[in-house]
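Working notes for the structure below.
Counting convention: from 1, in listed order, for ligands and their atoms alike.
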Amino acid sequence: MRILGIETSCDETAAAVVTERGEVLSDVVHTQIDVHAPYGGVVPELASRNHQHFIRPVIERALAQANTSLTSLDGLAVTCQPGLSGALLVGLGVARAMAWAADKPLVGVDHLVGHLLAAFLRFPEQLAQEYPEFPFIALLVSGGHTALYRVDGPELNQIRELGATRDDAAGEAYDKVAKLLGLGYPGGPVVDRLAQEGDPLVIELSRPMPGRDSLEFSFSGLKTNVMRYVELQGLPGNDSRLRDLCAAFQSRVVDSLVQKTLRAAKREGLSTIVVGGGVAANRGLRSALDAAAAARGLRTIFPPLRACTDNAAMIAYAGAQRLRLGHDDRQNLTMSPHSALLTVTKKGPGPRGAAQRRAQ
Ligand code: KG4
Ligand code: ZN
C-alpha cells in the first residue's frame with residue numbers, strides 16, 4: 001500500500017508518501033517558523049493563510065519525490081485533530097477533494113497518534129533501526145501536549161492516557177523560557193544546544209512535581225522560577241550564566257520526564273518505552289532516558305530526529321493502519337481542536353484534549 005499523508009494542524013505544511021510497513025517514500029515539510037518567530041509563538045490566522053498558500057506545491061512535491069501520482073495511491077490520510085481549527089480545515093478540505101476526485105479511501109488521523117507511532121517510520125538512511133512491539137509505554141512530548149500512554153495497538157481505542165501535564169507542555173515551557181531569555185522561537189533546539197555547554201548544578205531551580213506517586217507533569221512553576229531568577233539576577237548575556245541557566249532548566253525538565261516514564265513502565269509492567277513529539281529530539285532527554293532505562297533492563301526507542309517534530313509521514317503511517325482495516329471516513333470526516341485519545345487516569349475518565357500552542 002502507498003498512502004499520501006497530509007498534515008496542517010499547526011505551523012508545518014506537510015505531505016508524505018509512506019507504505020503500510022512505515023517505509024518513507026517521500027517526506028516534505030514546509031515550516032512557517034519564520035512567519036511566527038517575530039510573535040514568539042504560532043499566530044492561528046497566519047498559519048491558516050500559509051497552509052492555503054503552500055499545501056498544493058507541498059503535495060505535488062511529495063508525490064513527485066515518491067515517483068507516484070494520485071491515481072496510483074491506495075488511500076489518503078489527513079490530520080483531523082487536535083490543532084488550530086482554521087489550519088486543520090485547510091488540510092481536510094484538500095484531502096477530501098482529492099479523495100473524491102480520484103475515488104480513493106480517506107481516513108482522519110489524530111495528530112497525537114501520529115506522534116506515538118512515529119517510531120515505526122523507516123527512512124531510507126535508517127532501515128536498520130529497532131522496530132517497536134506492542135504493548136509499550138509512550139512518552140509524548142511536543143509543543144502542545146505532554147503525556148504518558150499505554151499503547152496496546154495503533155487504534156484510538158487501544159491507547160490509554162496514564163497521566164498528562166497539568167499546565168504547560170514540555171515544548172511550550174522550552175518556548176516560553178527561550179522567549180524570556182531572548183533566544184527566539186522555537187526555543188527547544190537552542191536551549192538544548194546551550195544546555196550541553198552549561199553546568200546544571202550552578203543555578204538552583206525548583207523540581208517540577210516531585211510527588212512520589214503521580215504520573216502527571218507540571219512545568220509552569222519551573223518557568224516562573226526562571227522568570228523570578230531573571231527578575232532578581234538580571235537577564236544573562238551570551239555567557240556562561242546563560243548556559244548554566246539553560247542546563248539547570250533542561251535538567252529539571254528531563255529529570256521529571258525520565259522519572260515519570262520509568263514509573264509508568266513499572267506500574268504497567270512493560271519493558272519498552274517509545275518517545276514521540278518535538279522534544280523527543282532533545283539530546284539531554286535522549287541520553288538520560290536511554291541510560292536510566294538501560295539500568296533497569298528497559299528498551300527505549302526514539303523516532304529518527306526528522307520524525308520527532310511535525311511531519312506528514314507519521315500521519316500517513318497511522319492512517320495506513322486504519323486503511324488496512326477497511327476504514328473510509330470520506331462521508332463523515334470532521335475536524336476537532338481536541339484529541340480523541342481517551343483520558344483515563346487515577347481520577348477516572350477526564351476531559352478530552354489539552355491546550356494548544358499559541359502565541360501569547
Ligand atoms: O511535535 P512538534 O513539532 O509540534 C507539536 O505538535 O507541538 O513540537 C514542537 C516543539 C516546540 O515547542 C519545540 O521548541 C520543541 O518541540 N523542540 C525541542 C527540541 N526540538 C524541538 N525541545 C527541546 N529540545 C529540542 N531539541
Ligand atoms: Zn505535533
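Not one N, O or S atom of His145 sits under 2.8 Å from the Zn ion (ligand 2). Distance check for His115 against the Zn ion (ligand 2): an N/O/S atom falls below 2.8 Å.
Checked by atom type and distance alone, the side chain of Arg243 never pairs as donor or acceptor with a backbone atom of Gln196 at under 3.5 Å. Panel note: side chain Glu161, backbone Leu148; no donor-acceptor pair is recorded below 3.5 Å.
For the residue pair Glu204 / Tyr229, no side-chain donor-acceptor distance below 3.5 Å is found, with atom types taken as modelled. Defined by atom type and a distance below 3.5 Å, a donor-acceptor pair is missing between the side-chain atoms of Glu7 and Asn311. Judged purely by distance below 3.5 Å, without hydrogens or angles, the side chains of Asn50 and His30 never pair a donor atom with an acceptor atom.
Every atom of ligand 1 is numbered from 1 in the order shown, and the set under 4.0 Å from a heavy atom of Asp175 is 11 (C), 12 (O), 13 (C), 14 (O). Which parts of ligand 1 touch Gly144 is read off a 4.0 Å heavy-atom cut-off, strictly below it: atoms 7 (O). Within the listing of ligand 1, atoms 14 (O) sit less than 4.0 angstrom from a heavy atom of Gly187. Of all the atoms in ligand 1, the ones that sit under 4.0 Å from a non-hydrogen atom of Gly171 are 12 (O). Close approach of ligand 1 to Ala281 is summarised as follows: ligand atoms under 4.0 Å from at least one heavy atom of the residue are 26 (N).
Contact annotation for His111 and ligand 1: only side-chain heavy atoms (C-beta onward) come within less than 4.0 Å of the ligand. Contacts of Asn282 with ligand 1, taken as heavy-atom pairs under 4.0 Å, involve both backbone and side chain.
With respect to Asp167 and Lys223, no salt bridge is recorded, no charged nitrogen being found less than 4.0 Å from a carboxylate O. Here Arg324 does not pair with Asp74 in a salt bridge; the nearest charged N to carboxylate O distance is not below 4.0 Å.
Residue pairs meeting the side-chain hydrogen bond (donor to acceptor under 3.5 Å, both in side chains) criterion with at least one member in residues 54-63, sequence neighbours excluded, are Arg56-Glu60.
Distances shorter than 4.0 angstrom occur between a heavy atom of His115 and an atom of ligand 1. Distances shorter than 4.0 angstrom do not occur between any heavy atom of Cys10 and any atom of ligand 1. Look at Arg193 and you'll find every heavy atom at least 4.0 Å from all atoms of ligand 1.
For a threshold of 3.5 Å applied to N or O pairs, the pair formed by Glu12 and ligand 1 contains no separation below that value. For a threshold of 3.5 Å applied to N or O pairs, the pair formed by Gly277 and ligand 1 contains no separation below that value. Checked against a 3.5 angstrom limit, the closest N/O atoms of Thr309 and ligand 1 fall outside it. The N/O atoms of Asp310, backbone and side chain alike, include one that comes under 3.5 Å of an N/O atom in ligand 1. In terms of polar-atom proximity, defined here as any N/O pair under 3.5 Å, Pro186 makes no such contact with ligand 1.
For Arg49, the side chain to side chain contact (heavy atoms under 4.5 Å, CB included) partners two or more places apart in sequence, or in a different chain, are Glu45.
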| request: Could you please spell out the steps behind the ring-ring contact (aromatic ring centres under 6.0 Å, His included) verdict for Tyr174 and Phe249? | output: CA-CA 9 Å; Tyr174 268 95; Phe249 169 77; 5.0 Å; yes
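Residue Val94 is tested with Leu76, Ile55, Thr8 for a side chain to side chain contact (heavy atoms under 4.5 Å, CB included); the sole match is Ile55.
Between atom 9 (C) of ligand 1 and the options Ala170, Gly143, Gly284, Gly114, the minimum heavy-atom separation is to Gly143.
Here the angle at the Zn ion (ligand 2) defined by NE2 in His111 and OD1 in Asp310 stands at 90°, rounded to 10 degrees.
The aromatic rings of Phe219 and Phe217 lie parallel to each other, their planes meeting at an angle below 30°, with 60° marking the opposite boundary.
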